[in-house]
Novice: 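Before we start, here is the structure in question, set down as structure tokens.
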There are 2 protein chains.
Amino acid sequence: MRERWVPDARRNAVADAVGRLLMRGHGTFPGMREIAAEAGVTTGTLQHHFGTKDDLLLFALEHHCRRCADRLTARSEEGARSPRQALAVIVTELLPLDEERAAETSVAKAFVSRAATDPGFAAHYRAQRKILLDLLGEQFARADVPDPSAAATILARVIEGMRTDCLLLGPDAVDVDAVLDRLLRPRDTP
Amino acid sequence: MRERWVPDARRNAVADAVGRLLMRGHGTFPGMREIAAEAGVTTGTLQHHFGTKDDLLLFALEHHCRRCADRLTARSEEGARSPRQALAVIVTELLPLDEERAAETSVAKAFVSRAATDPGFAAHYRAQRKILLDLLGEQFARADVPDPSAAATILARVIEGMRTDCLLLGPDAVDVDAVLDRLLRPRDTP
DNA sequence: CCACCTCCATTACAGATGTAATGTAACAGT
DNA sequence: ACTGTTACATTACATCTGTAATGGAGGTGG
């Protein structure tokens, strides 16, 4: 008998395959047959579960964002002690420090160019960005940093830079503590 | 008589065409015929001046980086008054605020994913990053910021984030002065 | 038993892809 | 004038692309 799958699990497996291919491949989006081979299915399966290729890619993007968000909420209690530690958890969880997070980062990077013109992907970017800004801003407010939302905007940008540094130069190129030191140290108040 | 070109000018024109296509297109690398059409030549011309497509793309990347670097050195004297203004010039020049800089940013973004696996593109990224870090670090040192190279690393990452914010959310999403305010305001010295 | 549906494999196809191969003008050197 | 080289244009081709079309296997409700 053919393997039985709950359809969502199959879609998630395909999305994971896309992540692995984007991580290993040359950065360009893989073809349908390549995705099917990596996922251990045929292109017919892909056509059935996702209509078109763009639907598949958009689902893959959402899948990896969802996984990252799940990890963030799962570790959210670790930040109960100090806002500084909460920020460290968030930043570290977004860095490509293992295969799973490397795939997520590769996916995110690959879709930036796409989002520049395609409104669907752009909307997704905006939504994801807002979630991150809220998370960071909350911790900056707890840390009594003046203008916490501005601080969150800056850290979000630093995170993006750290993700590519880590992806292209290796894990030793980033130092979470050094970054938080500089962004959290108290300032003169006039 | 057929138009005469000094070969370098033709290559640069092709590289500009690639930039425009990456800016307007959906983020994926354009095909040879598309590039040829945009540049007003045929694929034979492309094959003659660049051997293969990868050579063409790498040249395009170098071309746009060179243009940006040229603009930076051309405006370098404007930063003579204050390091803060020098930093503002550098950051602004890297943001996609007109067609030329938008093309440069699109090119840079498109090649990040590629650099993750291809050593040639990765080397280019490292070199370009070092140049920027030196430029920024020099100004932070002039501003008597403690650990100027660490500050430069952070600002370089912020710049990368600002570039995508500006590209995806529009010019109003970035505020150079606000960023420099936060990164340059004096700190408590223990 | 029968229709019906989901799930999937296979095949087919029209179009795009990078590039090799070939031809051909224009000019440079001798 | 002959030769060689540069700078293209055109054609050809094998391969890859996304997807439409078709068919079939297995489970489900009547």
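In what follows, every chain begins at residue 1, and chains take the letters A, B, ... in the order their sequences are listed. These values consider heavy atoms only, across backbone and side chains, with no hydrogens, waters or symmetry-generated copies.
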Novice: When you measure from the side chain of Thr42(A), which nucleotide among dA9(C), dA9(D), dT19(C) comes out closest?
Specialist: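 From the listed options, dA9(C) comes nearest.
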Novice: Less than 4.5 Å apart, side chain to side chain, heavy atoms only: is that true for Val18(A) and His63(A)?
Specialist: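 They are not in side-chain contact.
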Novice: Using a cut-off of strictly less than 4.0 Å, decide whether His49(A) has a side-chain nitrogen or oxygen near OP1 or OP2 of dC8(C).
Specialist: yes
Novice: Could you list all N or O pairs between the protein and nucleotides 13-16 of chain D that sit under 3.5 Å apart?
Specialist:
none

Novice: So, OP1 or OP2 of dC8(D): does either fall under 4.0 Å of a side-chain N or O from His48(B)?
Specialist: no
Novice: Looking at Glu78(B), I want to see if its CD is surrounded by more than 12 non-hydrogen atoms of other residues, nucleotides or ligands under 6.0 Å.
Specialist: yes
Novice: Of the listed nucleotides (dT10(C), dG18(C), dC8(D)), which one gets closest to any side-chain atom of Met32(B)?
Specialist: dG18(C)
Novice: Please state how far atom CG in Leu46(A) lies from atom C1' in dT17(D), giving the value in whole angstrom units.
Specialist: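 These atoms are roughly 14 Å apart.
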Novice: Is the shortest side-chain heavy-atom distance between Arg182(A) and Val158(A) below 4.5 Å?
Specialist: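 No, side chains not in contact.
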Novice: In whole angstroms, how far is the C1' atom of dT19(D) from the CG atom of Asp54(A)?
Specialist: 12 Å
Novice: Does Arg66(A) count as lying over the ring of Phe59(A), i.e. NZ or CZ under 6.0 Å from the six-ring centre, within 45 degrees of the axis?
Specialist: yes
Novice: Using whole Å, report how far CZ of Phe50(A) lies from P of dC8(C).
Specialist: 11 Å
Novice: What's the closest nucleotide to the side chain of Arg10(A) if the choices are dG18(C), dA9(D), dC8(C)?
Specialist: dC8(C)
Novice: Looking at Lys109(B) and Glu160(A), is there a salt bridge between them, counting it only when a charged N and a carboxylate O are closer than 4.0 Å?
Specialist: yes
Novice: How long is the line joining CZ of Phe29(A) and P of dG18(D), in whole Å?
Specialist: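 Interatomic distance, CZ of Phe29(A) to P of dG18(D): 12 Å.
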Novice: Answer yes or no: is there a side-chain heavy-atom contact under 4.5 Å between Ile131(B) and Leu72(B)?
Specialist: no
Novice: What N/O pairs connect the protein and nucleotides 20-22 of chain C at under 3.5 Å? Give each pair on its own line.
Specialist:
residue : atom : partner  : partner atom : Å
dA20(C) : N7   : Gln47(B) : OE1          : 3.0
dA20(C) : N6   : Gln47(B) : NE2          : 3.3

Novice: Is the closest side-chain heavy-atom distance between Leu167(A) and Ser106(A) below 4.5 Å?
Specialist: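 In contact.
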Novice: Could I get the full list of salt bridge (charged side-chain N to carboxylate O under 4.0 Å, His left out) partners for Glu100(B), not counting sequence neighbours?
Specialist: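 If we apply the salt bridge (charged side-chain N to carboxylate O under 4.0 Å, His left out) test to Glu100(B), skipping adjacent residues, the hits are Arg67(B), Arg71(B).
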Novice: For His26(A), I'd like to know if atom NE2 has over 12 heavy atoms of other residues, nucleotides or ligands within 6.0 Å.
Specialist: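 No, because the 6.0 Å sphere around NE2 of His26(A) holds 12 heavy atoms or fewer from other groups.
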Novice: Taking CG from Leu56(B) and P from dT17(C), how many angstroms apart are they, rounded to a whole number?
Specialist: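 Atom CG in Leu56(B) sits about 14 Å away from atom P in dT17(C).
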Novice: Reckon Thr52(B) has a side-chain N or O less than 4.0 Å from the OP1 or OP2 of dG18(C)?
Specialist: no
